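Down below is the structure, laid out as structure tokens.
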Amino acid sequence: MSSALTEHPDLPRLRALLADAHRCAIVTHYNPDGDAMGSSLGLSRVLRRMGHAVQVVLPNAPPPFLRWLPGAEECLAADTAAEACQRALAEADLVLCLDFNRPDRAGVLEKPLREARQRVLIDHHQRPDMDTVAAFSDTSACATSQMVVDLLEALGQAHHIDEGTATCLYTGIMTDSGSFRFSSTTPHTMRVAALLMERGAVPDRIHAAVMDDHSEQRMRLMGYMLAERMTVLHDLGCVVLVLRREDLQRFGFKPGDTEGFVNLGLSMRGIRLSAFFLERPDRIKISLRSKGALPVDRLLADHFEGGGHVNAAGGQCSGPIDACVQRFMDLLPAHLRAHPA
Ligand SMILES: [Mn+2]
């Protein structure tokens with residue numbers, strides 16, 4: 001298979017770094033998602049087969065629907081094993097940063113990450129800002145897991161991708177591409193997915209393990225939100241979803257329960273932007289999704305301490321939630337006028 005990274009200028013440097021490094025640590029972003037876990041675990045398995053000692057460290061534990069991934073049980077998470085995580089980063093010859101591109105996205109591991117010996121970046125988010133010895137940033141890639149396959153191909157190490165590794169990397173691509181439906185999905189994505197299937201990834205089993213694992217409480221919270229907490233701005237082609245503290249309490253909210261809720265708005269006819277506001281104890285979390293040439297990352301970067309991808313971004317705001325939603329609504333018309341459908 002052809003690789004998108006064969007000609008990358010940092011490739012010889014990475015080859016040399018890996019030749020010198022015995023101990024590697026892999027770190028990913030706070031609240032790790034399918035791509036963060038899939039790319040980290042997938043790469044860790046191959047690096048081990050190449051003879052490296054590898055430890056995956058997470059700023060916090062993954063949600064239950066990702067804990068079945070091969071190797072997930074060997075990860076260290078800073079919310080339960082902070083010192084071990086710090087030690088792994090301090091002792092590593094090389095720290096590989098996957099699926100994030102700013103040290104502060106590593107949560108409580110930001111400081112040990114900044115102090116680590118050498119950092120390598122492998123990521124697909126906009127505007128990387130990290131001090132690295134080699135950086136692979138491809139904002140057109142649908143997932144970091146896809147980049148890991150490309151990188152392994154370019155390094156001549158893709159033969160190490162076994163069934164467990166293929167399962168991890170397929171999971172990352174599937175989740176970040178919205179099950180291969182977002183516009184970031186390319187023919188190359190499908191070729192990478194095909195290669196991972198040939199190595200043993202089973203799409204229906206992976207999809208069921210990740211997607212069909214919701215609690216009854218979450219199903220009811222989703223139904224309540226759609227019935228009672230959804231505002232449809234038909235003229236603007238926007239949906240605004242808001243969940244308040246009392247809503248979360250009523251349905252026994254657990255972190256991760258609202259994963260994917262923001263995407264629901266986009267499945268309505270005529271909607272090209274969906275916004276989701278979630279009231280957490282310390283702040284309001286904002287998620288935006290859009291279709292086509294309507295960017296949402298800049299809007300959050302400029303006004304809500306956030307960022308992400310062109311069609312999928314997150315941000316935050318200190319309360320109260322009504323003021324936060326109103327501020328967003330006030331910004332909407334001009335933003336939509338600047339990017340007509
Ligand atoms: Mn990702």
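All values reported here derive from a predicted model rather than from experimental measurement. Indexing begins at 1, ligand by ligand and atom by atom, following the structure's order.
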Pairing residues for Asp33 by the side chain to side chain donor-acceptor pair (under 3.5 Å) criterion, not counting sequence neighbours: His29
Asp99 side, atom CG; Ser145 side, atom OG - distance, nearest 0.5 Å: 7.0 Å
Plane angle bin for Phe328 and Phe277 - parallel if under 30°, tilted between 30 and 60°, otherwise perpendicular: perpendicular
Rounded distance (nearest 0.5 Å) linking atom CG of Asp123 with atom CG of Asn101: 4.5 Å
Protein N, O or S within less than 2.8 Å of the Mn ion (ligand 1), waters excluded: Asp35 OD2, Asp99 OD1, His124 NE2, Asp176 OD2
For Gln157, side chain to side chain donor-acceptor pair (under 3.5 Å) partners two or more places apart: His160
Under the side chain to side chain donor-acceptor pair (under 3.5 Å) test, residues paired with Ser177 that sit two or more places apart: none
